[in-house]
Amino acid sequence: MLNRQVALDQAVIGDDGAGGGETSWQEVRELSVHVEPVSVVSRERFDQREALVTHRVICRANGDVMRGMSLRIGSRRLVILSVHDPDETGRYLVCRCEEER
């Protein structure tokens, strides 16, 4: 079931030279996961149509996966919105993710 290799990335905020911050991503480790698309919501923003895609990602339980991190699949990035243990056995984690565009 965990048939896809992805990179688990952590956000690193650095100085952008103008008093603000610039977000870059640093790889923490690789994970074997199962990815399921859950929903697509189409909306108009700044006179352009865009789609908000959410996913459910299942992986083996480990202490590295946290909310705010992301999963990188090729050129796609899934930002982790929530993490929970679905049956409270400590075997698997379910992450609710939003695809970054």
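Worth saying up front: this structure is predicted, and the values here are computed from it rather than measured. One-based numbering along the sequence shown. Note: hydrogens, waters and symmetry copies are ignored here, and every other heavy atom, side chains too, is used.
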Please check if V83 and L71 belong to a single hydrophobic cluster, counting links between Ile, Leu, Val, Met, Phe, Trp and Tyr side chain heavy atoms closer than 4.5 Å. yes
When you look at C97 and L81, which way does the side-chain contact (heavy atoms from CB on, under 4.5 Å) test go after all the steps? CA-CA 5 Å; C97 302; L81 302 177; 5.9 Å; no
Any side-chain heavy atom of H34 within less than 4.5 Å of one from V57? no
Sub-4.5 Å side-chain heavy-atom contact between R29 and D64: yes
Could you give the distance from OG (S70) to CD (Q10), rounded to the nearest 0.5 Å? 10.0 Å
If the condition is salt bridge (charged side-chain N to carboxylate O under 4.0 Å, His left out), which residues does R56 pass it with, not counting sequence neighbours? E36
Check whether V79 and M66 end up in the same hydrophobic cluster, where Ile, Leu, Val, Met, Phe, Trp and Tyr are linked by side-chain heavy atoms less than 4.5 Å apart. no
Nearest 0.5 Å, what's the OG-CG distance between S39 and L52? 7.0 Å
In terms of hydrophobic clustering (I, L, V, M, F, W, Y; side-chain heavy atoms under 4.5 Å; direct or indirect links), are L78 and I58 co-clustered? no
S42 vs R49, side-chain contact (heavy atoms from CB on, under 4.5 Å): CA-CA, chis, key distance, verdict: CA-CA 7 Å; S42 181; R49 305 260 329 143; 2.8 Å; yes
Any side-chain heavy atom of L2 within less than 4.5 Å of one from R60? yes
Ignoring hydrogens and angles, tell me if any N or O in the side chain of D85 forms a donor-acceptor pair with the backbone of G90 under 3.5 Å. yes
Within-4.5 Å side-chain heavy-atom neighbours: E99 and H55: yes
Is it the case that over 12 heavy atoms from other parts of the model lie below 6.0 angstrom from the CD atom of Q26? no
Separation between CG of D87 and OH of Y92, rounded to the nearest 0.5 Å: 9.0 Å
Do W25 and V65 land in one hydrophobic cluster if side-chain heavy atoms of ILVMFWY residues count as linked below 4.5 Å? no
All pairs passing salt bridge (Lys or Arg N to Asp or Glu O under 4.0 Å) where residues 3-13 contributes a residue, at least two apart: D9-R72, D9-R77
Residue pair C59 / V33: nearest heavy atoms and the distance that separates them: CB-CG1, 3.8 Å
R96 side chain to T54 side chain, donor-acceptor N/O pair below 3.5 angstrom: no
Mind checking the CG-CG spacing from L8 to L31? Nearest 0.5 Å is all I need. 5.0 Å
About how many Å separate CZ of R91 and CG of L93, when rounded to the nearest 0.5 Å? 11.5 Å
CD1-SG distance between I80 and C95, expressed to the nearest 0.5 angstrom: 4.5 Å
Are V28 and I73 connected in a single hydrophobic cluster, I mean Ile/Leu/Val/Met/Phe/Trp/Tyr linked by side-chain heavy atoms less than 4.5 Å apart? yes
Output all residues satisfying side-chain hydrogen bond (donor to acceptor under 3.5 Å, both in side chains) with Q5, sequence neighbours left out; order by chain, then residue number. E30, S32
